[in-house]
Amino acid sequence: MPEIIRVDEISKYDGQEVTVQGWVYNRTDKGKLVFLLVRDGTGFVQCVAFKGDLDEKIFDQLMRLPQESAVIITGPVRADKRAPGVPGGYEIGVKKIEIVQTADADYPMSLKDHGVDFALDNRHLWIRMPSQWAILRVRSTVMAATREWLDNNGFIAMDTPILTPAAAEGTTTLFETEYFDEGKAYLAQTGQLYNEANIFAFGKVYCFGPTFRAEKSKTRRHLTEFWMLEPEMAFCDLDGLMEIEEQMVTHIVQRVLRDRKPELLSLGRDLTKLENIKAPFPRISYDDAAKMIGELREKETDPEKKELLKFDWGIDFGAPHETAITNQFDKPVFCYGYPTAVKAFYMEPWPGRPEVCKSVDLLAPEGYGEICGGSERISDHDLLLKRIHEQKLPESAFKWYLELRKYGSVPHSGFGMGVERVTSWICGIEHIREAIAFPRTIKRVYP
RNA sequence: UCCUCGCUAGCUCAACGGCAGAGCGGGCGGCUGUUAACCGCUAGGUUCGAGGUUCAAAUCCUCGGCGAGGAGCCA
């Protein structure tokens, strides 16, 4: 019995007879010869059937086998430069074929382009297409590399609750649900506050799970349900935070380059742009970024773009500002020291400059913008209480959070990383919705 | 919430006031090296909905529906 192999390892089997289990992605018939492009979940491989080699009845079935039919094919592996596929360069001569299921002929996804709405309505089928398959394989590796780096660097995985009692950051819109006799509960938009409790037990922790934001955002960078990694570290200041971020992001990019090269190439990604992503990353203060934006605005000749770059000290950067800054670098860039007024209540003030805080965003190059956002947290009890009052947050909800500052409080820091944003950047794709299997947006909860 | 754009065959689009069309996909046939194969034949329409202007509306106008891109907010 020939071995059942994975297509992504086909190069190891050159000259041997093997079996692949998969689905017919495309078929081209040439009279007395048929090409079947078969995908098995790990890759795409061309299988070639000659009329003379097979039973006439079986060959006739192959000639009219619909796209997506399930098959088990056995035959010899041959290196052939003409053979398409991922990884490609090898084909299988069909000696034996079992048709597990003949697909209906009305499969709706064609091999040509589809509109966004149609593709998303058929997301359960779209994920079979090579581009979507490649993106989601990269996503899986992004997640694995993230955990790998954290686990190897002394972090403890601490999952935080998804059902939470109140708004963590006040303003952002929450998804609401009934919670038995306890009133309302809300889907978590961050695990950070819980992780600030966890560090005093475990030192360095992370949570990694789905996050929910009921914001009415309608852009290529937003989902209502997305996956966020949130590390939090005791005895860590802003500089320590940036070091951890750049080491981790470097590891993620380099591991994807190592393990997912065929997928990146099939997406048409320029690998040289990724090979360059190595720590240290440039660091620029909000003040200097503001100056840079001013200079770039002066040089901008397009009046429409000039208007978008309008900027006064004190406002947060919008997407056009971030793009302008990141275009000056070929690596992700840290932008730190944002105005306190535009950031969350728990961020540590800059020593001697209370109008700015020890916050940092990591902005990805090529216009991808913010992939990580974090800060050093306020460690002083009275200052934190003052901030909660200023923001008119309910003190009772933060009782436990304030208590953390009474029993062994230390400087500590943390950040959040959006998995879909990182995946989009690494893949070089236009829209974040393709970086998750079943995206949830303001206009879509199906399928 | 605001601004802009779109909706025609299963899909991607054309027709822009005068007979509703093409490519892909489907069906039938041909072809021993295809690369989103190619060639021939063929079936397939409530032009998003309602109302209006007109001899005549997919096309112009009004209202509505649905969607997309962007802004704000953020990962």
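The structure displayed is predicted, hence computed values, not measured ones. Protein chains get the first letters and strands the later ones, always in sequence-line order, with residue 1 at the start of each.
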[atom1]-[atom2] distance between [X] and [Y], expressed to the nearest 0.5 angstrom:
{"X": "Tyr346(A)", "Y": "Leu193(A)", "atom1": "OH", "atom2": "CG", "value": "7.0 Å"}
{"X": "Leu257(A)", "Y": "Ile277(A)", "atom1": "CG", "atom2": "CD1", "value": "9.0 Å"}
{"X": "Arg139(A)", "Y": "Glu434(A)", "atom1": "CZ", "atom2": "CD", "value": "13.0 Å"}
{"X": "Leu33(A)", "Y": "Phe59(A)", "atom1": "CG", "atom2": "CZ", "value": "6.5 Å"}
{"X": "Thr141(A)", "Y": "Leu136(A)", "atom1": "OG1", "atom2": "CG", "value": "11.0 Å"}

Under a 3.5 Å cutoff, is there a donor and acceptor pairing between the side chains of [X] and [Y]?
{"X": "Gln46(A)", "Y": "Arg82(A)", "result": "no"}
{"X": "His222(A)", "Y": "Glu215(A)", "result": "no"}
{"X": "Glu230(A)", "Y": "Thr190(A)", "result": "yes"}
{"X": "Glu376(A)", "Y": "His412(A)", "result": "no"}
{"X": "Thr74(A)", "Y": "Thr19(A)", "result": "yes"}
{"X": "Trp126(A)", "Y": "Asp121(A)", "result": "no"}
{"X": "Tyr336(A)", "Y": "Asp361(A)", "result": "no"}

Are the charged groups of Asp8(A) and Arg260(A) less than 4.0 angstrom apart, N to O? no
Between the side chains of Glu232(A) and Arg377(A), is the shortest nitrogen-to-carboxylate-oxygen separation below 4.0 Å, so that they form an ion pair?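 Judged by the 4.0 Å cut-off on N to carboxylate O distance, Arg377(A) and Glu232(A) do form a salt bridge.
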Which pairs with one or both residues in residues 76-121 of chain A pass ring pair (Phe, Tyr, Trp, His ring centres under 6.0 Å), sequence neighbours excluded?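 Of all non-adjacent pairs touching residues 76-121 of chain A, those that pass ring pair (Phe, Tyr, Trp, His ring centres under 6.0 Å) are His114(A)-Phe118(A).
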Distance between the [atom1] atoms of [N] and [M], in whole angstroms?
{"N": "U42(B)", "M": "U53(B)", "atom1": "C1'", "result": "41 Å"}
{"N": "G45(B)", "M": "U8(B)", "atom1": "C1'", "result": "8 Å"}
{"N": "A57(B)", "M": "C48(B)", "atom1": "P", "result": "15 Å"}
{"N": "G44(B)", "M": "A22(B)", "atom1": "P", "result": "13 Å"}

Please tell me if Arg27(A) has a side-chain N or O lying less than 4.0 Å from either OP1 or OP2 of G26(B). no
Can you check side chain to side chain contact (heavy atoms under 4.5 Å, CB included) on Asp151(A) and Ile156(A), steps first, answer last? CA-CA 7 Å; Asp151(A) 293 342; Ile156(A) 295 292; over 6 Å; no
According to the 5.5 Å centroid and 30° plane-angle thresholds, does Phe35(A) stack upon the nucleobase of G33(B)? no
Please produce a list of atom pairs where a protein N or O lies less than 3.5 Å from an N or O of nucleotides 9-11 of chain B.
unit_1	atom_1	unit_2	atom_2	d
C11(B)	O2'	His114(A)	ND1	2.8

If you define the side chain from C-beta out and look only at heavy atoms, does anything of Lys96(A) sit under 4.5 Å from Ile73(A)?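 In short, these two side chains do not touch, never coming nearer than 4.5 Å.
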Could you state the atom-to-atom distance from [atom1] of [X] to [atom2] of [N] in whole Å?
{"X": "Arg221(A)", "N": "G69(B)", "atom1": "CZ", "atom2": "P", "value": "12 Å"}
{"X": "Arg82(A)", "N": "U32(B)", "atom1": "CZ", "atom2": "P", "value": "15 Å"}
{"X": "Tyr107(A)", "N": "G25(B)", "atom1": "OH", "atom2": "C1'", "value": "12 Å"}
{"X": "Lys216(A)", "N": "C73(B)", "atom1": "NZ", "atom2": "C1'", "value": "13 Å"}
{"X": "Leu308(A)", "N": "U4(B)", "atom1": "CG", "atom2": "P", "value": "15 Å"}
{"X": "Leu111(A)", "N": "U12(B)", "atom1": "CG", "atom2": "P", "value": "14 Å"}
{"X": "Glu420(A)", "N": "C74(B)", "atom1": "CD", "atom2": "P", "value": "19 Å"}
{"X": "Asp104(A)", "N": "G27(B)", "atom1": "CG", "atom2": "P", "value": "11 Å"}

Any residue of [range] with a heavy atom less than 4.0 Å from an atom of RNA chain B:
{"range": "residues 237-247 of chain A", "answer": "none"}
{"range": "residues 36-72 of chain A", "answer": "Gln46(A), Phe50(A), Arg64(A)"}
{"range": "residues 87-101 of chain A", "answer": "Glu91(A)"}
{"range": "residues 357-376 of chain A", "answer": "Glu370(A), Ile371(A), Cys372(A), Gly373(A)"}

Which of parallel (below 30°), tilted (30 to 60°) and perpendicular (above 60°) describes Phe334(A) and Phe281(A)? tilted
Taking the inter-plane angle between the rings of Tyr286(A) and Phe311(A) on a 0 to 90° scale, is it parallel (under 30°), tilted (30 to 60°) or perpendicular (over 60°)?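 The arrangement is tilted - the two ring planes meet at 30° to 60°.
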Could you pick out which residue, Ala119(A) or Ala105(A), lies toward the 5' side of RNA chain B when each is mapped onto its nearest nucleotide? Ala119(A)
When you match Phe226(A) and Asp106(A) each to their closest nucleotide on RNA chain B, which lands nearer the 5' end? Asp106(A)
Shorter than 3.5 Å, N or O on both sides, protein versus nucleotides 39-45 of chain B: list them out with atom names.
none

Under 4.0 Å, counting only non-hydrogen atoms across every strand here, what does Leu223(A) touch: a base, just sugar-phosphate, or nothing?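 It contacts base atoms.
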What's Leu229(A) touching, base or sugar-phosphate or nothing? Going by heavy atoms closer than 4.0 Å.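 The residue Leu229(A) makes no contact with any strand.
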What residues form a side-chain hydrogen bond (donor to acceptor under 3.5 Å, both in side chains) with [X], not counting sequence neighbours?
{"X": "Arg269(A)", "value": "Glu366(A)"}
{"X": "Arg78(A)", "value": "Glu91(A)"}
{"X": "Asp117(A)", "value": "Arg444(A)"}

Counting heavy atoms from C-beta on, name the nucleotide in G27(B), A71(B), U34(B) closest to the side chain of Thr219(A).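 Side chain of Thr219(A) sits closest to A71(B).
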Fill in the dot-bracket string of RNA chain B, one character per base: . for unpaired, | for a pair to another strand, ( ) or [ ] for pairs within the strand, taking Watson-Crick or G-U pairs under 3.5 Å. (((((((..((((....[..)))).(((((.......))))).....(((((..]....))))))))))))....
Can you say whether a donor on the side chain of Asp29(A) sits under 3.5 Å from an acceptor on the base of C31(B), or the other way round? yes
Run the numbers on Asp40(A) and Trp23(A) for side chain to side chain donor-acceptor pair (under 3.5 Å), then give the verdict. CA-CA 6 Å; Asp40(A) 79 334; Trp23(A) 300 268; over 6 Å; no
Is a side-chain N or O of Lys331(A) found less than 3.5 angstrom from the main chain of Pro280(A), in a donor-acceptor match?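 Looks like yes, one N/O pair under 3.5 Å.
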Is there a donor-acceptor pair under 3.5 Å between the side chain of Asp288(A) and the backbone N or O of Ile284(A)? no
Kindly give the atom pairs (protein nitrogen or oxygen, nucleotide nitrogen or oxygen) under 3.5 Å for nucleotides 66-68 of chain B.
unit_1	atom_1	unit_2	atom_2	d
A68(B)	N7	Lys218(A)	NZ	3.2

